[in-house]
Amino acid sequence: QVQLVESGGGLVQAGDSLTLSCAASGRTFNSYVMGWFRQAPGKEREFVAVISWSGGSTFYADSVKGRFTISRDNAKNTVYLQMNSLKPEDTAVYYCAARKDYVAVTSTGGYEYWGQGTQVTVSS
(Lines give C-alpha, C1' and ligand atoms only; values in the text may rest on other atoms or scores of the structure.)
Protein backbone atom coordinates (compact mmCIF):
# COMPACT_ATOMS: atom_id res chain seq x y z
CA GLN A 1 0.00 0.00 0.00
CA VAL A 2 1.28 3.44 -0.95
CA GLN A 3 -0.18 6.67 0.32
CA LEU A 4 0.41 9.86 -1.65
CA VAL A 5 -0.02 13.36 -0.28
CA GLU A 6 0.25 16.39 -2.53
CA SER A 7 1.10 19.88 -1.35
CA GLY A 8 2.17 23.24 -2.72
CA GLY A 9 -0.94 24.34 -4.57
CA GLY A 10 -2.32 27.83 -4.32
CA LEU A 11 -3.49 30.98 -6.06
CA VAL A 12 -0.98 32.67 -8.33
CA GLN A 13 -0.98 35.15 -11.18
CA ALA A 14 -0.32 34.35 -14.81
CA GLY A 15 3.40 34.11 -15.44
CA ASP A 16 4.21 33.05 -11.89
CA SER A 17 5.85 29.83 -10.81
CA LEU A 18 4.77 27.16 -8.36
CA THR A 19 6.24 23.87 -7.20
CA LEU A 20 4.05 20.97 -6.21
CA SER A 21 5.29 18.14 -4.02
CA CYS A 22 3.97 14.64 -3.57
CA ALA A 23 5.18 12.70 -0.56
CA ALA A 24 4.83 8.93 -0.62
CA SER A 25 4.68 6.52 2.28
CA GLY A 26 6.44 3.19 2.33
CA ARG A 27 9.91 1.93 1.56
CA THR A 28 9.34 0.97 -2.07
CA PHE A 29 9.00 4.43 -3.61
CA ASN A 30 11.78 3.79 -6.11
CA SER A 31 9.86 0.84 -7.54
CA TYR A 32 7.08 3.10 -8.79
CA VAL A 33 6.76 5.25 -11.87
CA MET A 34 5.27 8.56 -10.77
CA GLY A 35 2.89 10.73 -12.74
CA TRP A 36 1.14 14.05 -12.39
CA PHE A 37 -2.38 14.56 -13.72
CA ARG A 38 -4.79 17.45 -13.48
CA GLN A 39 -8.53 17.95 -13.64
CA ALA A 40 -10.28 21.21 -14.36
CA PRO A 41 -13.95 21.74 -13.49
CA GLY A 42 -16.20 19.97 -15.95
CA LYS A 43 -13.30 18.27 -17.70
CA GLU A 44 -11.76 14.84 -17.61
CA ARG A 45 -8.58 14.17 -15.72
CA GLU A 46 -5.63 14.69 -18.04
CA PHE A 47 -2.00 13.65 -18.10
CA VAL A 48 0.63 16.27 -17.25
CA ALA A 49 3.98 14.54 -16.74
CA VAL A 50 5.60 11.26 -15.75
CA ILE A 51 8.98 10.19 -14.43
CA SER A 52 10.56 6.75 -14.39
CA TRP A 53 11.73 4.85 -11.33
CA SER A 54 15.21 6.39 -11.15
CA GLY A 55 14.27 9.67 -12.80
CA GLY A 56 16.18 8.90 -15.96
CA SER A 57 13.17 9.21 -18.21
CA THR A 58 10.49 11.85 -18.27
CA PHE A 59 7.61 12.66 -20.57
CA TYR A 60 5.29 15.66 -20.75
CA ALA A 61 1.99 16.67 -22.22
CA ASP A 62 2.42 19.07 -25.12
CA SER A 63 0.49 21.72 -23.22
CA VAL A 64 3.13 21.92 -20.48
CA LYS A 65 6.31 20.97 -22.32
CA GLY A 66 9.01 23.56 -21.79
CA ARG A 67 7.19 25.12 -18.83
CA PHE A 68 6.84 22.25 -16.32
CA THR A 69 9.56 19.98 -14.94
CA ILE A 70 8.98 16.74 -13.10
CA SER A 71 11.65 15.40 -10.77
CA ARG A 72 11.96 12.98 -7.89
CA ASP A 73 14.08 12.43 -4.82
CA ASN A 74 13.96 8.75 -3.93
CA ALA A 75 15.80 9.36 -0.67
CA LYS A 76 12.93 11.60 0.40
CA ASN A 77 10.14 9.54 -1.19
CA THR A 78 8.99 12.67 -2.98
CA VAL A 79 8.13 13.67 -6.52
CA TYR A 80 7.97 17.29 -7.60
CA LEU A 81 6.34 19.32 -10.35
CA GLN A 82 8.01 22.65 -11.00
CA MET A 83 5.58 24.85 -12.92
CA ASN A 84 6.81 28.00 -14.61
CA SER A 85 5.09 30.59 -16.80
CA LEU A 86 1.73 29.53 -15.47
CA LYS A 87 -1.35 30.30 -17.54
CA PRO A 88 -5.02 30.57 -16.51
CA GLU A 89 -5.68 27.35 -18.44
CA ASP A 90 -3.36 25.54 -16.00
CA THR A 91 -6.01 26.03 -13.32
CA ALA A 92 -7.02 22.61 -12.03
CA VAL A 93 -6.74 20.15 -9.20
CA TYR A 94 -3.38 18.43 -9.57
CA TYR A 95 -2.97 14.79 -8.60
CA CYS A 96 0.08 12.61 -8.29
CA ALA A 97 -0.19 8.92 -9.02
CA ALA A 98 1.97 5.81 -8.84
CA ARG A 99 2.27 2.77 -11.06
CA LYS A 100 4.68 -0.15 -11.40
CA ASP A 101 5.32 -0.10 -15.13
CA TYR A 102 6.25 2.47 -17.78
CA VAL A 103 3.59 1.54 -20.32
CA ALA A 104 0.78 3.76 -21.59
CA VAL A 105 1.78 6.26 -18.94
CA THR A 106 -0.46 9.05 -20.25
CA SER A 107 -3.60 7.11 -19.40
CA THR A 108 -5.10 7.15 -15.93
CA GLY A 109 -5.54 3.40 -16.16
CA GLY A 110 -2.67 1.44 -14.70
CA TYR A 111 -1.95 3.90 -11.93
CA GLU A 112 -2.52 2.00 -8.72
CA TYR A 113 -2.38 4.80 -6.21
CA TRP A 114 -3.59 8.39 -6.26
CA GLY A 115 -3.25 11.35 -3.96
CA GLN A 116 -6.13 13.53 -2.84
CA GLY A 117 -5.13 16.41 -5.09
CA THR A 118 -4.03 20.00 -4.58
CA GLN A 119 -5.73 23.02 -6.13
CA VAL A 120 -3.80 25.32 -8.44
CA THR A 121 -5.54 28.50 -9.52
CA VAL A 122 -3.94 30.89 -11.99
CA SER A 123 -5.52 34.31 -12.32
CA SER A 124 -5.15 36.43 -15.45
Side-chain angles (χ1 to χ4, degrees):
Q1 185 78 4
V2 175
Q3 291 187 326
L4 304 174
V5 179
E6 302 96 336
S7 61
L11 172 63
V12 297
Q13 294 186 333
D16 284 352
S17 297
L18 203 60
T19 299
L20 305 183
S21 299
C22 172
S25 66
R27 294 177 290 179
T28 59
F29 179 70
N30 60 3
S31 67
Y32 288 90
V33 171
M34 299 299 298
W36 283 98
F37 287 77
R38 66 187 182 186
Q39 188 166 18
K43 295 187 176 182
E44 293 187 352
R45 193 168 298 189
E46 66 173 5
F47 168 77
V48 175
V50 65
I51 189 166
S52 61
W53 309 266
S54 64
S57 293
T58 58
F59 184 72
Y60 299 90
D62 287 343
S63 59
V64 307
K65 198 174 298 182
R67 299 188 298 122
F68 290 11
T69 302
I70 188 172
S71 62
R72 67 189 297 163
D73 185 337
N74 287 342
K76 295 182 178 180
N77 282 11
T78 302
V79 62
Y80 305 95
L81 186 68
Q82 172 69 42
M83 305 185 294
N84 297 329
S85 302
L86 282 162
K87 304 175 180 180
E89 51 263 44
D90 294 318
T91 295
V93 177
Y94 283 71
Y95 300 89
C96 68
R99 62 184 298 153
K100 282 288 192 178
D101 58 17
Y102 201 84
V103 177
V105 293
T106 63
S107 172
T108 55
Y111 286 87
E112 300 176 50
Y113 304 102
W114 291 83
Q116 83 290 347
T118 185
Q119 176 71 47
V120 172
T121 303
V122 185
S123 63
S124 58

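On a predicted model such as this, the values are computed, not experimentally measured, just so you know. Sequential numbering from 1 along the given sequence is applied to the chain's residues. Note that these values count all heavy atoms, side chains included, but never hydrogens, waters or copies made by symmetry.
- Between the CG atom in L81 and the CH2 atom in W36 there is a gap of 6.0 Å [rounded to 0.5 Å].
- Contact record, S71 with I51: CA-CD1, 3.6 Å, taken as the closest heavy-atom pair.
- Taking hydrophobic clusters as Ile, Leu, Val, Met, Phe, Trp and Tyr residues chained together by side-chain heavy-atom distances below 4.5 Å, F59 does not share a cluster with Y80.
- Within a 6.0 Å sphere centred on CD of Q3, other residues, nucleotides and ligands contribute 12 heavy atoms or fewer.
- No hydrogens or angles considered: a donor-acceptor pair under 3.5 Å links the side chains of S17 and N84.
- Judged by distance alone, with hydrogens and angles left aside, the side-chain atoms of T78 form a donor-acceptor pair with the main-chain N or O of K76 at under 3.5 Å.
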Are Q116 and V5 close enough, and set up right, to give a side chain to side chain contact (heavy atoms under 4.5 Å, CB included), and what steps lead you there? CA-CA 7 Å; Q116 83 290 347; V5 179; 4.3 Å; yes

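- Closest approach of D90 and V122 over heavy atoms only: CB-CG2, 4.3 Å.
- In this structure a side-chain-to-backbone donor-acceptor pair under 3.5 Å is present from E6 to G117.
- Considering CZ of F68 and OG1 of T58, their distance stands at 14.0 Å, rounded to 0.5 Å.
- For the pair D62 and K65, the salt-bridge criterion is met [side-chain N within less than 4.0 Å of a carboxylate O].
- A donor-acceptor pair under 3.5 Å is formed between the side chain of T91 and the backbone N or O of P88.
- V105 and I70 fall into different hydrophobic clusters, defined by Ile, Leu, Val, Met, Phe, Trp and Tyr side-chain heavy atoms under 4.5 Å apart, directly or through other members.
- Interatomic distance, CG of L11 versus OG of S123, reported as 5.5 Å (0.5 Å rounding).
- Residues that satisfy the ring-ring contact (aromatic ring centres under 6.0 Å, His included) test with F37, not counting sequence neighbours, are F47, Y111, W114.
- Cation-pi geometry between R72 and F29 is met: the NZ or CZ atom falls under 6.0 Å from the ring centre, inside 45° of the normal.
- Interatomic distance, K87 NZ to D16 CG, rounded to the nearest 0.5 Å: 14.5 Å.
- With sequence neighbours excluded, the residues forming a side-chain hydrogen bond (donor to acceptor under 3.5 Å, both in side chains) with S31 are K100, listed by chain and number.
- Linking Ile, Leu, Val, Met, Phe, Trp and Tyr residues whenever their side-chain heavy atoms come within less than 4.5 Å leaves V50 and M34 in two separate clusters.
- With Y95 as the aromatic partner, R38 does not meet the cation-pi criteria of under 6.0 angstrom to the ring centre and within 45 degrees of the ring axis.
- A continuous path of Ile, Leu, Val, Met, Phe, Trp and Tyr side chains, each step under 4.5 Å between heavy atoms, connects V12 with L20, placing both in one hydrophobic cluster.
- The aromatic rings of Y113 and Y32 lie perpendicular to each other, with more than 60° between the two planes, well past the 30° mark.
- Distance check: S54 OG to N74 CG gives 7.5 Å after rounding to the nearest 0.5 Å.
- Atoms OG1 and CE, on T19 and M83 in that order, are 7.5 Å from each other to the nearest 0.5 Å.
- Environment of CD in Q13: sparse, with no more than 12 heavy atoms of neighbouring residues, nucleotides or ligands closer than 6.0 Å.
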*asked:* As a quick check of understanding, evaluate side chain to side chain contact (heavy atoms under 4.5 Å, CB included) for D101 and V33, giving each step before the final call.
replied: CA-CA 6 Å; D101 58 17; V33 171; over 6 Å; no

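- In this model, a donor atom of one side chain and an acceptor atom of the other lie less than 3.5 Å apart for Q119 and T121.
- The main-chain N or O of R67 is never found under 3.5 Å from a side-chain atom of Y60 such that the two would form a donor-acceptor pair.
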